[in-house]
Amino acid sequence: MQTQFQQRVNQGRWLIDLSVYDQTPDISEAQVEHITTYLALNTRDRQRIPLENALTPILNPLMDATQHLGIQYKAMTMTRFLLLQHTLQTKRTIWAWTDAEMIDYLSHDPDLNTPHRRMQSKQPILSIFYLLRGFTGFEAIYRSRPSSVARWVFGKEAYENIYTELREVFLARGYDERWCNYGLSGGISYILLKQFRWSLDTLSFDFLQQLYENTMSANYKMTIARLADYLKGNGHLSAAIQPNWHRKQKQYFSEAVLADVPSEWLRMCQRWLEKSPRKTAYARRQFYTLLKIGRSLQAHHLDKADPASWTRDTAMSYTAMVCEMRVGDWTTQLNRRKDIGKPLSVSAIQDHLTAASNFFSDCMEWGWIERRFDSRLCFRMPHHLHQLDQVQPRVIDEDIWAKLLYAGLNLELEDLYAHPEHLASGKIQPHYPIEMIRTLAIVWLFAALRRSEIRRLRLSCIHWQDERVCLLEIPPGKSGRGRTIAVDGIVGKSIEHWQQIRPLSAKNYDTVTATDEDFLFSYNHRTIGLKYINRTLIPALCRKMNIPQSDTLGNITSHRARSTIATQLANAEDAMSFLQLKEWLGHQDANATQRYIALTPAKLAQAYTDAGYFERNLRQIQVLIDRDAIEAQEVASDKPWKYYDLIHGYCTYDFFQTCPHLLACARCSHYIPKVSSEAQLLEAKENLLRLRENIPLTDEMETAVQSGLEAVQALIERLQDVPTPSGQTPRQLGTYTGFVSLDSIEVESRSSTT
């Protein structure tokens with residue numbers, strides 16, 4: 001940018017002619033004495049005495065610059081005083097000050113950073129540096145205001161013309177009014193000050209692209225991208241700026257974080273972090289864990305500070321050390337945790353071992369170090385610790401969840417604030433409409449989505465299946481693909497209501513898909529924050545129902561709703577299957593789904609009852625009691641009075657339950673075929689009592705019942721030489737083909753009577 005400034009100065013197209021000034025870098029002894037005398041005077045005397053000729057080379061450019069800027073006399077005298085004071089301290093004129101010196105002076109000088117002096121002197125001096133030196137290091141200066149510099153340098157009228165035009169354009173596009181009033185003014189001023197020309201017509205794509213890549217401020221990046229999109233729509237630019245907010249930025253760490261880590265280990269870890277294909281946040285967390293390994297090496301095994309020197313024994317020793325670690329070991333910045341000194345949890349041990357495994361496997365795979373051991377085996381968690389890693393879905397207590405549902409369905413604007421009286425008095429203004437927040441609450445309470453999926457829902461994401469159920473389209477996210485799930489109709493109705501009243505809003509950039517999208521939860525071009533549910537919505541719901549923000553399993557967070565809803569669906573009367581829940585939750589791995597589902601005792605009891613553990617070993621058979629025989633007192637005689645209905649005949653053996661032939665009844669003397677006249681006479685009797693009796697089955701009989709004809713035939717063959725109640729075997733009777741039809745035996749409830 002400095003080159004462009006010099007080009008305009010050399011071509012004589014700059015705002016003031018800098019060639020007429022004496023740009024000698026050093027000040028003379030006479031000038032030192034004059035400045036010292038001048039600064040020693042009080043304010044009134046300093047205004048009365050004429051300026052010495054020896055200071056003319058120093059003061060002329062300052063006077064011309066303040067005159068061009070239109071600075072008032074009082075501010076001008078103070079600005080001149082402060083600049084002369086700094087000139088005396090450095091023994092060099094303004095022409096010799098480097099950018100670093102000007103940044104340090106504007107950022108740390110106490111005379112410029114008091115609330116009163118920021119506008120009276122700091123911004124005018126920043127404008128003078130820009131006008132005389134082409135200084136544009138606005139980002140490095142604490143509380144710099146490019147919009148103030150632009151007003152002074154290019155004139156208030158020129159500034160207002162461009163800013164007013166762009167403000168109307170972006171407001172019409174649905175951008176946030178607050179950003180249009182504040183963020184836009186600073187961003188536009190920054191862009192045009194960087195090109196040293198207050199004109200949109202001279203902006204080029206290459207200039208904006210380079211400025212976008214070199215700018216660190218998120219607001220400036222946002223303004224550059226939006227301005228480029230506007231200029232492309234007008235035909236001024238051939239292409240728009242492609243935002244790179246989703247790209248991995250260079251990682252910065254303080255000296256305290258990197259302290260006590262061997263240089264060789266640190267160099268390799270930083271190299272791994274820059275190349276790691278994993279997500280930035282995940283790789284960064286693992287980087288902190290690798291630094292803890294480095295600190296332990298610094299204390300005990302400095303000879304192993306180079307990852308290339310690690311062997312299988314070194315890796316196994318580290319695994320053993322991690323299993324004995326405690327919270328706070330090998331860290332430099334301890335937060336206010338209450339568990340300092342306690343053993344690491346099983347999940348924390350797993351995280352430490354996973355970080356080491358990923359680091360060494362990547363370094364070996366990329367050829368940075370020699371492959372000496374299998375990192376996945378050496379950094380594997382011991383078996384006894386795996387057993388301690390019990391799956392415990394963090395389901396919200398039922399009574400608390402019921403109250404959260406009621407609060408979400410009846411959420412009002414004043415519920416979002418701890419002091420609703422400030423809202424009524426106008427001291428605070430709501431950021432989002434209550435209709436949007438109520439819809440957000442309903443989606444969170446009914447759809448079991450991740451918070452990143454909720455905030456990235458698109459407009460028109462609802463498709464109706466019927467009046468009670470609608471389909472909700474989920475954008476690609478953690479699972480790597482989009483999906484469509486069925487949700488309750490109340491979700492669809494709430495979303496449709498919000499879409500109808502939602503004002504026009506510009507598209508937002510989706511960092512996952514790298515596209516501009518119309519987000520459902522966007523208002524005035526402001527997408528709902530990622531932490532909004534945890535920090536604002538859930539506390540508001542709990543405050544509305546006067547319930548704590550934690551339960552028996554910890555704090556209530558947005559992610560715990562997934563476990564709660566999944567558990568309820570798994571324990572319903574007509575429960576969703578495990579595979580259906582896996583797809584509904586958007587999991588790639590079935591093990592992840594298992595961590596979200598907790599079967600309730602009632603569900604387990606019902607399943608146990610339905611399994612019929614006792615009933616499966618019992619079968620019921622119809623029994624006919626001849627009441628005439630009982631009344632005639634013929635029971636004691638040999639005449640039968642109890643008849644077991646075998647479908648194809650009757651058995652009169654009193655101890656039928658213990659008979660080994662009860663499922664393959666040989667036709668002994670106790671057997672009465674139904675085709676016989678005796679059976680027909682029995683069925684013709686009116687004084688019969690019909691009952692059902694449980695018949696216990698052996699394992700072999702149960703197999704016969706369950707398996708079919710082959711098992712029955714095998715049972716018959718085995719019983720050929722087993723005596724029947726009459727004393728003869730089926731082989732002796734000459735018949736072993738008659739048996740109870742298994743298909744006709746009724747399997748009913750445990751009730752022993754009908």
Check this for me, if you would: do [X] and [Y] make a salt bridge, where the nitrogen-to-carboxylate-oxygen distance has to be below 4.0 angstrom?
| X | Y | result |
| --- | --- | --- |
| Glu412 | Arg438 | yes |
| Arg295 | Asp329 | no |
| Lys493 | Glu467 | no |
| Glu365 | Lys275 | no |

Does [X], at its [atom1] atom, have more than 12 non-hydrogen atoms belonging to other residues, nucleotides or ligands within less than 6.0 Å?
| X | atom1 | answer |
| --- | --- | --- |
| Gln465 | CD | no |
| Asn546 | CG | no |
| Glu496 | CD | yes |
| Lys403 | NZ | no |
| His463 | NE2 | yes |

Quick one about [Y] and [X] (side-chain donor to acceptor, distance below 3.5 Å, no hydrogens or angles considered), yes or no?
| X | Y | result |
| --- | --- | --- |
| His587 | Thr593 | yes |
| His497 | Glu435 | no |
| Trp272 | Asn358 | no |

### Query
Under the criterion ring pair (Phe, Tyr, Trp, His ring centres under 6.0 Å), which of Trp498, Tyr532, Phe521 is the partner of Tyr432?
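So, applying the ring pair (Phe, Tyr, Trp, His ring centres under 6.0 Å) to Tyr432 and each of Trp498, Tyr532, Phe521, only Tyr532 qualifies.
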
### Task
Give the ring-plane orientation class for Phe373 versus Phe379, where under 30° counts as parallel, over 60° as perpendicular and anything between as tilted.
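It falls in the perpendicular class, over 60°.
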
### Message
Between Ile597 and Phe578, is the side-chain contact (heavy atoms from CB on, under 4.5 Å) condition met? List the steps.
### Response
CA-CA 9 Å; Ile597 301 173; Phe578 183 81; 4.2 Å; yes

### Task
Quick one: do Thr331 and Lys292 satisfy side-chain contact (heavy atoms from CB on, under 4.5 Å)? Show the steps, please.
CA-CA 6 Å; Thr331 57; Lys292 295 173 68 174; 3.7 Å; yes

Contact summary for [X] and [Y], nearest pair of heavy atoms:
| X | Y | result |
| --- | --- | --- |
| Ala283 | Ser276 | CB-OG, 3.9 Å |
| Glu453 | Arg450 | OE2-NH1, 2.6 Å |
| Ile462 | Cys470 | CD1-SG, 3.8 Å |
| Cys461 | Leu520 | SG-CD2, 4.3 Å |
| Gln270 | Phe287 | N-CE1, 3.8 Å |
| Ile293 | Ala356 | CD1-CB, 4.1 Å |

### Query
Got a sec, which residues hit side-chain hydrogen bond (donor to acceptor under 3.5 Å, both in side chains) with Thr564, two or more places apart in sequence or on another chain?
none

### Message
If I take atom CG from residue Leu585 and atom CE from residue Met576, how far apart are they, to the nearest 0.5 angstrom?
### Response
7.5 Å

### Query
Between Arg560 and Asp551, is a side-chain contact (heavy atoms from CB on, under 4.5 Å) present by the stated rule, with each step listed?
CA-CA 11 Å; Arg560 291 188 61 185; Asp551 59 3; 2.8 Å; yes

### Task
Take Gln580 and Ser577, measure what side-chain hydrogen bond (donor to acceptor under 3.5 Å, both in side chains) needs, and give me the verdict at the end.
CA-CA 5 Å; Gln580 289 171 338; Ser577 67; 3.3 Å; yes

### Query
Do we get Arg562 above Tyr596's six-membered ring, with its NZ or CZ under 6.0 Å from the centre and within 45° of the axis?
yes

### Task
Among Arg456, Arg455, Arg458, find the one that has a salt bridge (charged side-chain N to carboxylate O under 4.0 Å, His left out) with Glu517.
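Looking at Arg456, Arg455, Arg458, the match for Glu517 under the salt bridge (charged side-chain N to carboxylate O under 4.0 Å, His left out) is Arg458.
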
### Query
How far apart are the C-alpha atoms of Trp310 and Phe359, what are their side-chain angles, what is the distance that settles it, and do they pass the ring-ring contact (aromatic ring centres under 6.0 Å, His included) test?
CA-CA 12 Å; Trp310 276 51; Phe359 172 72; 8.4 Å; no

### Task
Please test Asn219 against Trp179 for side-chain contact (heavy atoms from CB on, under 4.5 Å), starting from the C-alpha separation and ending with a verdict.
CA-CA 9 Å; Asn219 178 63; Trp179 175 80; 3.1 Å; yes

